[in-house]
Amino acid sequence: GAVVSQHPSRVICKSGTSVKIECRSLDFQATTMFWYRQFPKQSLMLMATSNEGSKATYEQGVEKDKFLINHASLTLSTLTVTSAHPEDSSFYICSVPRDSSYEQYFGPGTRLTVT
Amino acid sequence: DQQVKQNSPSLSVQEGRISILNCDYTNSMFDYFLWYKKYPAEGPTFLISISSIKDKNEDGRFTVFLNKSAKHLSLHIVPSQPGDSAVYFCAAREYGNKLVFGAGTILRVKS
């Protein structure tokens, strides 16, 4: 069964609005979660590391005020795309690393389309 | 600057034959390398991995080879099956458990 879930799987929103994407770890607690985005026919690019109980760590070039991350509990991280623009349209995927392991379990992803 | 490169965007193989997917990297500090399989509109699923201190890891039909001196790894799938058709991503682990991904290779296995 799924180890990581994401909600919603698909969302369409208007330019200027905000969208929240949830990532849940179903099988184990996660002090860290990762958020990626994938453009068509391109690789997964790490956006930020979500840390339970502290601020997220953003990768270079990612606007922290635009992509708000909240690690609300040991099983839930949310990514909010604020004031969305068409160029934010992408496939957003979260992952949960296993403790003491290099493996990461990925969620099914969320397709965001901004019109 | 891409630290992990998959130079073949696609590969087509006949069912039953071997599929070889290649990956090159530049950062010698990577300590683990992983292969993920991905279907459209789904998240990647873990396939197989190899530690940087090993040169081979085998799991059923999947074998990963690592050549550290050449900074090159490859995934061998034998025999290939139509269900193996997907996008395969090579990833390398750096500090903080972060993964750096290659651009992916589309594998098509023809029956």
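Source: prediction; values computed, not measured.
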Between atom CZ of B:R93 and atom CD of A:Q104, what is the distance when rounded to the nearest 0.5 Å?
9.5 Å
What part of A:Q6 lies closer than 4.5 angstrom to a heavy atom of chain B: side chain, backbone, both or neither?
neither
Looking at A:K66, I want to see if its NZ is surrounded by more than 12 non-hydrogen atoms of other residues, nucleotides or ligands under 6.0 Å.
yes
Decide yes or no for B:L99 and A:Y36: does some side-chain heavy atom of the first lie under 4.5 Å from some side-chain heavy atom of the second?
yes
Donor-acceptor pairs under 3.5 Å, side chain of residues 38-50 of chain B to any protein atom, not counting sequence neighbours: which ones?
unit_1 : atom_1 : unit_2 : atom_2 : d
B:K38  : NZ     : A:Q38  : OE1    : 3.4
B:K38  : NZ     : B:E42  : O      : 3.0
B:Y39  : OH     : B:K37  : NZ     : 3.1
B:Y39  : OH     : B:G83  : O      : 3.1
B:T45  : OG1    : B:K37  : O      : 3.1
B:S49  : OG     : A:Y102 : OH     : 2.8

Less than 4.5 Å to any heavy atom of chain B: does that hold for the side chain of A:T49, its backbone, both, or neither?
side chain
Within a reach of under 6.0 Å around NE2 of A:H7, are more than 12 heavy atoms found that belong to other residues, nucleotides or ligands?
no
Expected contact set for residues 102-111 of chain B against chain A at heavy-atom separation under 4.5 Å reads B:G102, B:A103
Please give me the minimum heavy-atom distance between B:N97 and A:F34, naming the atom from each residue.
O-CZ, 3.6 Å
Would you say B:F62 ends up clustered with B:L11 if hydrophobic residues are merged whenever their side chains have heavy atoms under 4.5 Å apart, either directly or through other cluster members?
yes
Is A:V81 reachable from A:M45 through a run of hydrophobic residues whose side-chain heavy atoms are each under 4.5 Å from the next?
no
Between A:G109, A:S9, A:P108, A:G107, which shows the greatest number of heavy-atom pairs under 4.5 Å with chain B?
A:P108
Test of understanding: clusters of I, L, V, M, F, W, Y form through side-chain heavy atoms closer than 4.5 Å, transitively. Do A:L76 and A:F67 belong to the same one?
no
Step-by-step ring pair (Phe, Tyr, Trp, His ring centres under 6.0 Å) determination, B:Y36 to A:Y105:
CA-CA 10 Å; B:Y36 282 84; A:Y105 292 101; 9.1 Å; no
Cut-off 4.5 Å, heavy atoms of chain B, and the answer for A:L44 is both
Among the clusters formed by ILVMFWY side chains lying less than 4.5 Å apart, do A:Y58 and A:W35 turn up in the same one?
yes
If hydrophobic clusters are built by linking Ile, Leu, Val, Met, Phe, Trp and Tyr wherever their side-chain heavy atoms come under 4.5 Å apart, do A:F28 and A:M33 end up in the same one?
yes
